[in-house]
Amino acid sequence: MRVTTSFPLGTLRDTPSEADIISHKLLLRGGYIRRINSGIYAYMPIMLRVIEKISKIIEDELNNNGCTKLLLPQLHPADLWKRSERWEAYTAGEGIMFNLKDRQGKEFGLGPTHEEVITIIASEIINSYKQLPQCFYQIQTKFRDEIRPRFGLMRSREFIMKDGYSFHSSKEDLALFYEKMGKAYEKIFKNCGLQAVGVEADSGAIGGASSKEFMVTADAGEDSILFTESGSYAANIEKAVSIPSEPVELETYRSELLETPNQKTVFDICKKNNLDPSQIIKVVIFLAKFEDKTNLPILACIRGDQQINEVKLFNLINLKHSSSLINLDIIENKSIVEKNLVDFPLGFIGPDIDNKNIKVNSNWNKKWFRIVDNSAKNLSTFISGGNKINFHKVFKKYSFEEEEFLTADIRNAKQGDKINAESNEVLKEKRGIEIGHIFQLGQKYSAKLNAKFSDKDGKLKNLWMGCYGIGVTRIAQAAIEQNYDDKGICWPIQIAPFEVIIIPTNFKDPLQMELSNEIYNNFKDNNIDILLDDRDERAGVKFKDAELIGIPFQIIIGRDSINKEIEFISRSNKSKIKIASNKLLETFISETKAMY
RNA sequence: CGGGGCGUGGCGCAGCUUGGUAGCGCGGGUGCUUUGGGAGCACUAGGUCGCAGGUUCGAAUCCUGUCGCCCCGACCA
């Protein structure tokens, strides 16, 4: 490609004010993307080359693993999503699915993910165990009406994703394939030149048994991951399990009641009363809203030095209730409290709050669903809310069991925690960007959409399913987050838009022009992705642009053209060598070979 | 949805407090000079000041409403 005739660069000298994190700034400055609306971006020619390279790497590896590429519709009939019982959760309230009606008033959604569609298709074409296993994938634009799109392509409303779905005749076969996909994913990310780690994860709204996320570690990441130094354990914070530190023993207080004026937070109480957070049990109130319109008030207790993990709590409540859980909100809004609760001293609630506090005419269930975290259940002497404004209470020999508490792990693991009772290994924490996620879905979708096959024994059975996603556009941005310097992007060569750029310092010089063209054609003939910056610009401008857009190698054609010599520069390690032009191709090939 | 900020040429911003008909840097175009690290000089094109209404002789500026975007949070995968 030549810059003047076929590949305008569109770099910017100033960063548009919308960008916050480095990768987003560099994408905009480098002319890779243009914002059209909140969370909606145009991929410019140079960006598309990156996307295509990433796609190719993914395709090659998946095809090697026996997967088959197809392309599914983006407009999904609501009916299909109602059958899987996801329409409500995905469209109502804070749902993330864009939805619309056609001219006849029929409802549709823009595909955020494709389990329904693929399951229907699989059910039509798969009849027998002899056709299994089978894995279909596509690389396509997905639509999600994110509550808060941010960081450019990191969390956008339109993004490119590879999504794959596998079908199996048994749970065991699914598990095997899931492992195989995990390996394939590791290879894909490595082939993209990324450092990624696999972590145990919550399966979220997609559902299913087991799931694993692949994370690129970067400070700008939106997720927290916890792991041991040895690599023996790694999990997303939503899923991570650990042993909490030992609590500090509470000396017996003389009085039962503790006056705590305006001390609503654990921090305040500790500071004013010389206590340790682990001697307190905090009580957090939630309201669970279910699909069948049930409103269940939740009372969650946890040790004061620990944090409630709302994902774990959500999953637990969902599991314990027959209808599916749609929303789980902390109750802190005064008007909601006044409407549904009576004499309710918010901020001073204890685990023993009475069910009578729920108003008779409220549309909530009239009994608290009480949950206590493992960290708190063994404390029998502790301080908690006194159920009276400005008072806390000393609980002595309190028994959670007597109050029908459900004991569970609803706690965030944290840095410094032990991973289990036997081990001395301790958790560390880092930020991560989720670039891939694999799930064992099981039979959730096949059961709801009636996707069956004939097994060996002649019986009709539900298909076993797995699903596997990779954020293609997110990979591109994550790669920048991992590879940049003060001058711009430093693409891993595997996904760089071009492998090498020719920079003639003065293209009007016939000698330079001739040599540039000669090298350009030679490289092109050898299938090397090469860009020729044939602009009539000053050398400095071209150097800056080449660095900004992050091409891994530069060929500088300058003064030494007369001797058929050029300079060969590596973007990432900044090495610079002078070399005869007839040796350039072989040098380039040997230099880059090791990088792939 | 709550909190904060911002909408002025392609990009970055000033002007608004105290109303008088829009300016700077970068970028674009033309010419001359320059030519290995975002050049210099000269000329030049380009803006219904987010939108609507109001106050006023007169509004980018004041008032009301509205839309949009960005950031933090809630939330979400």
Side-chain angles (χ1 to χ4, degrees), chain A residues 8-21 24-25 28-29 31 34-40 86 89-90 92-97 112-113 142-152 154-157 159 161 163 201-208 211 213-215 221-223 236-239 286 310-311 314 326-336 432-439 467 469 471 474 487-488 503-509 512 533 535-549 554-561 566-567 569 576 578:
Chain A
L9 287 177
T11 51
L12 302 172
R13 190 173 287 207
D14 301 310
T15 309
S17 55
E18 72 202 55
D20 204 37
I21 63 172
H24 188 192
K25 286 181 183 169
L28 286 167
R29 270 239 291 150
R34 313 273 315 187
R35 194 180 65 83
I36 299 301
N37 202 286
S38 173
I40 301 175
R86 289 210 294 179
Y90 268 77
E94 310 258 285
I96 60 162
M97 183 154 65
T113 171
K142 294 278 183 281
F143 300 89
R144 293 186 188 174
D145 192 2
E146 294 287 349
I147 292 177
R148 186 147 94 82
R150 58 179 135 183
F151 303 150
M154 221 52 119
R155 183 169 292 270
S156 51
R157 299 196 289 175
F159 60 99
M161 174 169 163
D163 50 327
D202 179 71
S203 51
I206 308 280
S211 105
E213 281 175 350
F214 293 84
M215 300 284 212
E222 295 184 272
D223 297 282
N236 187 313
I237 191 160
E238 294 175 353
K239 178 90 174 181
F286 294 85
E310 291 189 30
V311 172
F314 187 102
I326 298 203
N327 265 325
L328 181 65
D329 297 320
I330 291 196
I331 303 171
E332 46 193 3
N333 181 315
K334 246 185 174 172
S335 65
I336 293 179
I433 301 163
E434 178 190 350
I435 52 166
H437 203 158
I438 60 176
F439 304 80
C467 94
R474 197 182 263 188
K487 296 190 166 120
I503 304 173
T505 55
N506 179 5
F507 199 64
K508 280 196 287 199
D509 174 356
Q512 288 195 23
D533 192 347
R535 287 178 297 173
D536 180 21
E537 280 285 356
R538 297 167 66 85
V541 172
K542 297 199 253 191
F543 292 151
K544 292 282 185 205
D545 272 346
E547 284 156 351
L548 174 61
I549 64 176
Q554 300 161 9
I555 295 167
I556 315 294
I557 315 266
R559 309 180 193 94
D560 301 319
S561 309
I566 58 91
E567 274 167 357
I569 297 178
K576 188 197 267 192
K578 202 173 272 189

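Residue numbers begin at 1 in each chain, while the letters A, B, ... track the order of the sequences. All of these numbers come straight from a predicted model, not from anything done at the bench.
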- Closest nucleotide among B/G38, B/C76, B/U35 to the A/Lys508 side chain: B/U35
- Task: Round to a whole Å and report the spacing from CD of A/Glu18 to P of B/C11.
- Result: 10 Å
- Task: Write down the distance between CD (A/Glu222) and C1' (B/G73), rounded to a whole number of angstrom.
- Result: 13 Å
- Task: Could you work out which one of B/G36, B/C71, B/G37 sits closest to the side chain of A/Asp20?
- Result: B/C71
- Message: Tell me the interatomic distance from A/Leu12, atom CG, to B/G10, atom P, rounded to whole angstroms.
- Response: 13 Å
- Check every strand shown and say whether A/Glu213 touches a base, only sugar-phosphate, or nothing at a heavy-atom separation below 4.0 Å. base
- Message: On RNA chain B, compare the nucleotides closest to A/Arg157 and A/Asp329; which residue's is nearer the 5' end?
- Response: A/Arg157
- Any N/O donor-acceptor pair, A/Asn37 side-chain to B/G68 base, under 3.5 Å: no
- Please assess A/Arg150 against A/Asp20 for the test salt bridge (charged side-chain N to carboxylate O under 4.0 Å, His left out), listing each intermediate value before the final yes or no. CA-CA 9 Å; A/Arg150 58 179 135 183; A/Asp20 204 37; over 6 Å; no
- Message: Without decimals, in angstroms, what is the distance between A/Arg148 CZ and B/G73 P?
- Response: 7 Å
- Among B/G37, B/G12, B/G38, the one nearest A/Phe543 by side-chain distance: B/G37
- Distance, rounded to the nearest Å, where A/Arg29 contributes CZ and B/C26 contributes P: 16 Å
- When rounded to the nearest Å, what value does the distance between C1' atoms of B/G73 and B/U55 take? 39 Å
- Message: Has A/Thr505 got a side-chain atom pairing as donor or acceptor with A/Ile557's backbone, closer than 3.5 angstrom?
- Response: yes
- Task: Tell me the partner of B/U64, counting only Watson-Crick (N1-N3 plus N6-O4 or O6-N4) or G-U wobble (N1-O2 and O6-N3) with both under 3.5 Å; none if nothing fits.
- Result: B/A52
- Item | Short side-chain N/O contact from A/Arg538 to OP1 or OP2 of B/G38, under 4.0 Å | no
- Query: Over how many whole Å does the gap from A/Leu9 atom CG to B/C11 atom C1' extend?
  - Reply: 16 Å
- According to a strict under-4.0 Å criterion, is A/Ser38 in side-chain N/O contact with OP1 or OP2 of B/G68? no
- Item | Pair of N/O donor and acceptor under 3.5 Å linking B/C70 base with A/Arg150 side chain | no
- Query: Looking only at atom C1', what distance separates B/U44 and B/G9, rounded to whole Å?
  - Reply: 15 Å
- Message: With a 4.0 Å cutoff (strictly under), does any side-chain N or O of A/Arg13 reach OP1 or OP2 of B/G27?
- Response: yes
- Who pairs with A/Lys25 by side-chain contact (heavy atoms from CB on, under 4.5 Å), at least two apart in sequence or on another chain? A/Thr15, A/Ala19
- Item | Rounded C1' spacing from B/C11 to B/G46 in Å | 14 Å
- Message: Check this one for me: any side-chain N or O of A/Ser17 less than 4.0 Å away from OP1 or OP2 of B/G12?
- Response: yes
- Query: Between the side chains of A/Asn236 and A/Glu213, does any donor sit under 3.5 Å from an acceptor?
  - Reply: yes
- Item | Distance under 6.0 Å and angle within 45° of ring axis: A/Arg86 vs A/Tyr90 | yes
- Message: Students often get this wrong, so: under 4.0 angstrom with heavy atoms, is A/Ile503 touching a base, only sugar-phosphate, or nothing?
- Response: nothing
- What nucleotide, of B/G38, B/C76, B/A39, holds the atom closest to the side chain of A/Glu146? B/C76
- Is there a donor on the side chain of A/Glu537 or the base of B/G38 sitting less than 3.5 Å from an acceptor on the other? no
- Task: Record whether the side chain of A/Asp14 comes under 3.5 Å of the base of B/G25 through a donor-acceptor pair of N or O atoms.
- Result: yes
